Amino acid sequence: MSRRRSLGTTVALVVLVLVVGVALFGDFLTAYPYDQSNLLARNEPPVFLGGTWEHPLGTDRLGRDMVARLVVAIRISIGIAAVGTLISMMIGTSLGLLAARRGKAADDAVMGLVDLQAALPFIIIALAILAFFGRSLTIFIMLIGLYGWEVYARQVRGAALAARNQPYIEAARAVGITTGTIYRRHILPNISNVIIVQATLNFPQAILLETGLSFLGLGIQPPLTSLGQLLGEGRDSLASSWWVAVIPGTVIFLTTLAVSLLGDALRDRLDPTLRR
Amino acid sequence: MTSRFLVRKLLRLLLTLWAAVTLVFVVLRLSGDPIVALVPADLPDAIIDQYRERLGLTGSILEQYGAYLSGVLRGDFGYSFRTAGPAWDVVASRVSATLLLGGAAMALAILVGIPAGIAAAHWHNRAGDRVIMTGAVFGYAMPNFFFGILLILLFTLNLQWLPSGGMGGFSHLIMPTLTLGLASAGAFARFTRSSLLEVLGAGYMRTARAKGLSLRRQMLVHALRGALVPLTTLLGFTIGALIAGAVVTETVFAWPGVGRLLVVSVSERDLAVVQLIVILAAATMAFANLAVDLAYGWLDPRIGQERRSQRAGP
């Protein structure tokens with residue numbers, strides 16, 4: 001197996017490091033607060049379109065600095081997608097292990113829930129919950145955290161059932177290790193590849209779900225902002241300042257593209273049977 | 001195809017529909033007293049009680065559930081408080097727009113995606129394959145709402161060729177169809193390619209080559225036939241997700257369909273309409289799954305005989 005990184009993977013890695021770097025340390029990039037409007041500096045173009053270095057990425061129609069807004073938006077979008085991915089990983093992994101371990105009743109219950117979840121596209125469920133329970137940041141993060149749990153559950157259950165018949169588990173059982181410890185200390189580490197691979201698939205989708213809902217005006221609410229919310233605002237001023245929409249849109253596109261490419265590379269490395 | 005297979009699939013369909021209808025009921029009740037969300041808060045109590053009566057919100061939770069189920073069976077889904085008319089009428093007036101856009105997008109996805117997938121499989125691991133697959137990955141990572149906005153920037157604001165939104169002549173249909181269709185074209189291309197690659201190594205394909213059949217005949221008649229089952233899965237999934245897929249695109253282009261109605265109803269908390277659209281989305285998905293199961297039995301007679309049909313999600 002070749003350990004040489006392809007050009008695409010390298011570029012993707014650079015993009016991801018940049019995006020995460022901006023999310024963590026972006027405050028140094030600008031002196032302006034992200035929500036401070038300046039009516040004397042509205043719709044200023046970015047520096048590459050003839051603007052000034054005062055606002056390197058221009059300003060929106062309220063004169064807010066786009067660099068400052070973009071930094072906060074990246075932080076919120078990446079943060080929510082990361083937290084959401086972690087939550088659904090934990091829910092799905094716990095339920096998957098439960099289904100594998102606790103006998104037929106638990107298995108049927110969990111797999112029934114999985115089927116129910118799969119009976120409706122998630123965005124419909126998300127919209128219904130937002131309608132019924134109203135919009136709040138907590139509910140929104142929980143929604144992103146619910147997204148994709150059923151895929152983890154199915155995969156973890158399958159992998160755990162397969163691992164259970166391996167000789168090393170029999171050996172562990174033979175020396176008297178309890179079932180709980182076997183699952184925690186032996187099966188879970190051995191199926192962690194499955195979970196990590198699924199997380200690399202789930203994370204870009206979580207970004208797209210968050211940005212999509214925020215774009216529709218149903219996710220992150222102003223004055224807070226996210227990449228999708230920023231793009232949604234930019235849509236209303238396309239004619240006067242198109243960069244307000246195109247810059248966050250490009251960031252979303254490049255981030256999901258980078259994570260998908262890295263996920264592919266990681267999958268090839270972790271799972272030799274998938275190599276093409 | 002055995003009749004037991006058919007009966008089991010129909011039962012499954014009914015069960016799914018019942019589960020979706022019940023889920024909506026339970027979730028709505030979990031969110032608090034639905035009357036608070038369903039009528040304006042400043043009404044006098046007497047009128048609120050009238051609404052309770054009218055919306056079937058009196059009596060115990062079981063009685064309410066019974067009233068709700070019988071209403072659903074009679075086609076009574078309550079009233080939209082945005083228009084004051086029956087929720088059913090509000091949603092029904094939007095269905096044809098969604099069907100038109102969904103149908104056009106599906107046609108585009110198939111016409112672009114399947115030939116692209118065939119070409120990629122044919123040129124496996126060569127430049128053509130890489131170009132097509134790179135396009136598919138880009139399509140996967142490109143969010144609908146951003147692609148739509150880029151189209152508006154180019155064709156409406158820059159070139160001034162196409163209207164930015166609304167429904168009217170053919171020109172209104174172009175950009176929404178491109179946005180929705182190209183997104184699934186990528187998925188169709190990937191699916192076609194990977195299932196063709198599996199088939200191309202099969203014995204009957206070697207026979208077809210050995211017989212000296214033309215490349216076109218090998219691909220279209222022999223290889224594609226073997227790839228039809230996974231493609232049917234994807235097709236069914238795309239049809240089943242018709243409403244979900246339309247949510248964002250319809251909003252970007254102000255297309256007066258069910259998806260945009262859902263977004264507006266969610267943001268104004270018009271719960272009767274939301275509830276009906278959720279049930280409609282579940283029904284679409286359930287019927288699409290049934291159609292896929294029946295198509296499997298017809299495409300590959302072995303499947304109808306098996307105890308459990310296997311289905312791989314895309």
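Below, chain A is the first sequence line, B the second, and so on; all start at residue 1. Note that the structure is a prediction, hence the values are computed from the model and not measured.
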Portion of B/A286 that has a non-hydrogen atom of chain A nearer than 4.5 angstrom: neither
Structural part of B/L197 lying under 4.5 Å from a heavy atom of chain A: neither
Heavy-atom side-chain contact between A/I124 and B/L262 under 4.5 Å: yes
Is the distance between the ring centroids of A/F253 and B/F147 under 6.0 Å? no
Would you name the heavy atoms of B/I149 and A/R235 that are closest together and state the gap between them? CD1-CB, 3.9 Å
Which bit of A/T211 comes within less than 4.5 Å of chain B, counting heavy atoms only: side chain, backbone, both or neither? both
Most contacts with chain A, counted as non-hydrogen pairs under 4.5 angstrom, among B/L153, B/N144, B/T16, B/N158: B/L153
Kindly indicate, with the supporting measurements, whether the criterion side-chain contact (heavy atoms from CB on, under 4.5 Å) is fulfilled by A/L216 and B/F145. CA-CA 9 Å; A/L216 294 174; B/F145 44 90; over 6 Å; no
Is A/R135 reaching over with its side chain to a backbone N or O of B/S267, donor-acceptor style, under 3.5 angstrom? yes
Shortest non-hydrogen separation from B/A19 to A/L116 and the atoms involved: CB-CD1, 3.5 Å
Segment of A/L261 engaging chain B (4.5 angstrom heavy-atom cut-off): side chain
Where on B/M285 is there a heavy atom nearer than 4.5 Å to chain A: the side chain, the backbone, both, or neither? side chain
Sub-4.5 Å side-chain heavy-atom contact between A/T256 and B/Y140: no
For B/I277, which atoms come within 4.5 Å of any heavy atom of chain A: side chain, backbone, both, or neither? neither
For A/I123, is it the side chain, the backbone, both or neither that has a heavy atom under 4.5 Å from a heavy atom of chain B? side chain
Okay, B/A20 and chain A: the region with an atom under 4.5 Å from a heavy atom over there is neither
Counting neighbours of CZ on A/F122 that are heavy atoms of other residues, nucleotides or ligands and sit closer than 6.0 Å, is the number greater than 12? yes
Less than 4.5 Å apart, any side-chain heavy atom of A/I252 and any of B/F146? no
Is any side-chain heavy atom of B/V252 closer than 4.5 Å to one of A/F215? yes
Indicate the atoms forming the closest heavy-atom contact of A/L208 with B/P143, along with that distance. CD2-CB, 3.7 Å
Return the CG to OG1 distance between A/L238 and B/T156, rounded to the nearest 0.5 Å. 9.5 Å
Side chain, backbone, both or neither: which part of A/A118 has a heavy atom under 4.5 Å from chain B? backbone
Would you sort out whether B/V274 and A/F132 count as a side-chain contact (heavy atoms from CB on, under 4.5 Å), showing the intermediate values? CA-CA 9 Å; B/V274 173; A/F132 293 162; 4.3 Å; yes
Contact origin within A/L130 toward chain B - heavy atom pairs under 4.5 Å: both
Interatomic spacing from CH2 in A/W242 to CD1 in B/I152 - rounded to 0.5 Å: 15.5 Å
Could you measure the distance from the CG atom of A/D115 to the CG atom of B/L15? Nearest 0.5 Å is fine. 9.5 Å
